There are 2 protein chains.
Amino acid sequence: MTATQIDHTDYRILQLLIEDSTLSHKDIGALVHLTGQAVGARIRRMRELEIIEGYTIHWNPLRIGQNIHAFITVFLSTKSDHLPFQEFAKAHDNVAEVHRISGEGCYWMRVRTVNQEALNALLDELLVYGNYRVNLDMGQIK
Amino acid sequence: MTATQIDHTDYRILQLLIEDSTLSHKDIGALVHLTGQAVGARIRRMRELEIIEGYTIHWNPLRIGQNIHAFITVFLSTKSDHLPFQEFAKAHDNVAEVHRISGEGCYWMRVRTVNQEALNALLDELLVYGNYRVNLDMGQIK
DNA sequence: CGGTTCTACTTTCAGCCGGAAAGGAAATGA
DNA sequence: TCATTTCCTTTCCGGCTGAAAGTAGAACCG
């Protein structure tokens with residue numbers, strides 16, 4: 001069995017859903033020349049294959065006062081710090097995304113806070129587990 | 001919450017939609033003690049305020065053969081490299097996200113490719129504009 | 001105090017969507 | 001050739017969404 005079993009039509013449906021997941025199956029069907037039910041079946045299949053993991057919204061953090069957007073590389077010194085750090089990151093509301101990484105550093109994470117103070121508070125908590133390097137987002141290009 | 005016009009109930013609705021945008025207004029209403037129609041009105045308002053920018057899906061690049069996920073910090077030496085680099089990044093299909101950053105480096109970007117070779121090819125192209133540091137995603141924690 | 005206005009909610013209703021079930025067409029293999 | 005599988009279409013019903021109309025409460029003001 002190959003890694004993926006998705007044809008061109010599936011891929012088009014996927015792209016349409018990424019752009020706007022409120023499109024009705026019927027409308028998608030009109031674009032890919034299928035009935036809404038056939039589109040529904042393909043989408044269901046992609047969910048079962050875990051190509052589609054869920055439905056969500058695209059939202060603007062700036063509009064609700066989440067003014068700081070930071071990329072943080074975390075450096076952990078001891079093995080025993082990993083699990084506690086992961087738990088910390090999972091539990092912290094301001095941590096939007098966390099990845100284990102290769103290369104310099106152990107983890108990369110995306111953090112959003114209302115202001116600099118809140119970011120500093122988070123960084124202080126982070127010191128318990130290890131060191132970090134911070135890059136602030138100064139504007140999204142893409 | 002902030003200087004913006006959104007109250008705690010709006011925020012809860014927002015969180016619920018981020019988690020699962022297929023929740024019916026009615027079900028959301030049951031959780032925040034409103035009717036489905038009232039929830040619908042609040043969501044509509046958040047769309048008008050551009051807090052909610054759109055509906056999309058959460059999908060898994062690995063399942064369709066996008067096996068490499070890398071975080072790249074880009075270092076540009078001369079001012080004149082910035083615009084060409086930005087154009088390059090915008091045009092390149094494998095570049096999923098780009099931000100101007102403060103701190104070490106000039107830009108941060110997220111790249112997905114089918115394999116190591118494709119990543120190397122991209123990195124070669126990148127050398128035209130400046131230097132870079134690569135971190136490979138070894139697994140998403142959150 | 002009474003009247004006006006505004007905001008946010010609920011109720012009601014019509015139309016549309018999505019999933020299930022049943023059936024058809026094309027490809028595959030014994 | 002027939003059986004099987006896959007993928008599609010058609011049909012149908014329950015449930016959701018959005019619009020419209022009505023209601024309750026707060027704020028404001030003469």
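Everything numeric here is computed off the predicted structure, so don't read it as measured data. Quick note on labels: first sequence line is chain A, next is B, and so on, each numbered from 1.
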Within the 3.5 Å criterion, strictly below it, is a donor on A:Y107 or A:H82 matched to an acceptor on the partner's side chain?
yes
Minimal heavy-atom distance between B:V111 and B:T113, with the atoms involved, is CG1-CG2, 3.9 Å
What pairs of donor and acceptor atoms, side-chain ones from residues 25-40 of chain B against any protein atom, are under 3.5 angstrom apart with sequence neighbours left out?
from	atom 1	to	atom 2	distance (Å)
B:D27	OD2	B:S24	OG	3.4
B:T35	OG1	B:A38	N	3.4

Just by modelled atom types, is the B:V114 backbone N or O under 3.5 Å from a matching donor or acceptor in the B:N67 side chain?
yes
Closest-nucleotide ordering on DNA chain D, the 5'-leading residue of A:Q37 and A:R45
A:R45
Just the endpoints, please: which first and last nucleotides of DNA chain C, 5' to 3', lie under 4.0 Å from a heavy atom of chain A?
C:dC17 to C:dA20
Does anything in residues 72-94 of chain B form a salt bridge (charged side-chain N to carboxylate O under 4.0 Å, His left out)? List the pairs, not counting sequence neighbours.
none
Aromatic ring pairing A:F88/A:Y129, orientation class (parallel under 30°, perpendicular over 60°, tilted between)
tilted
Under 3.5 Å: donor-acceptor pair, side chain of B:N135, backbone of A:E104
yes
List the steps and the verdict of salt bridge (charged side-chain N to carboxylate O under 4.0 Å, His left out) for A:R110 and A:D137.
CA-CA 10 Å; A:R110 178 200 300 275; A:D137 174 17; over 6 Å; no
Any donor-acceptor N/O pair, B:K142 side chain to A:V95 backbone, under 3.5 Å
yes
SB check A:R112 A:E97 (cutoff 4.0 Å)
no
Please check if the distance between the ring centroids of A:Y55 and B:Y55 is under 6.0 Å.
no
To the nearest 10 degrees, how far apart in direction are the end axes of the helix from C:dC1-D:dG30 to C:dA30-D:dT1, each fit to five base pairs?
10°
Which nucleotide span of DNA chain D, 5' end to 3' end, has atoms closer than 4.0 Å to non-hydrogen atoms of chain B?
D:dC16 to D:dA19
Ignoring hydrogens and angles, tell me if any N or O in the side chain of A:H92 forms a donor-acceptor pair with the backbone of A:N94 under 3.5 Å.
yes
Going by number, which of residues 24-35 of chain A have a non-hydrogen atom under 4.0 Å from DNA chain D?
A:L34, A:T35
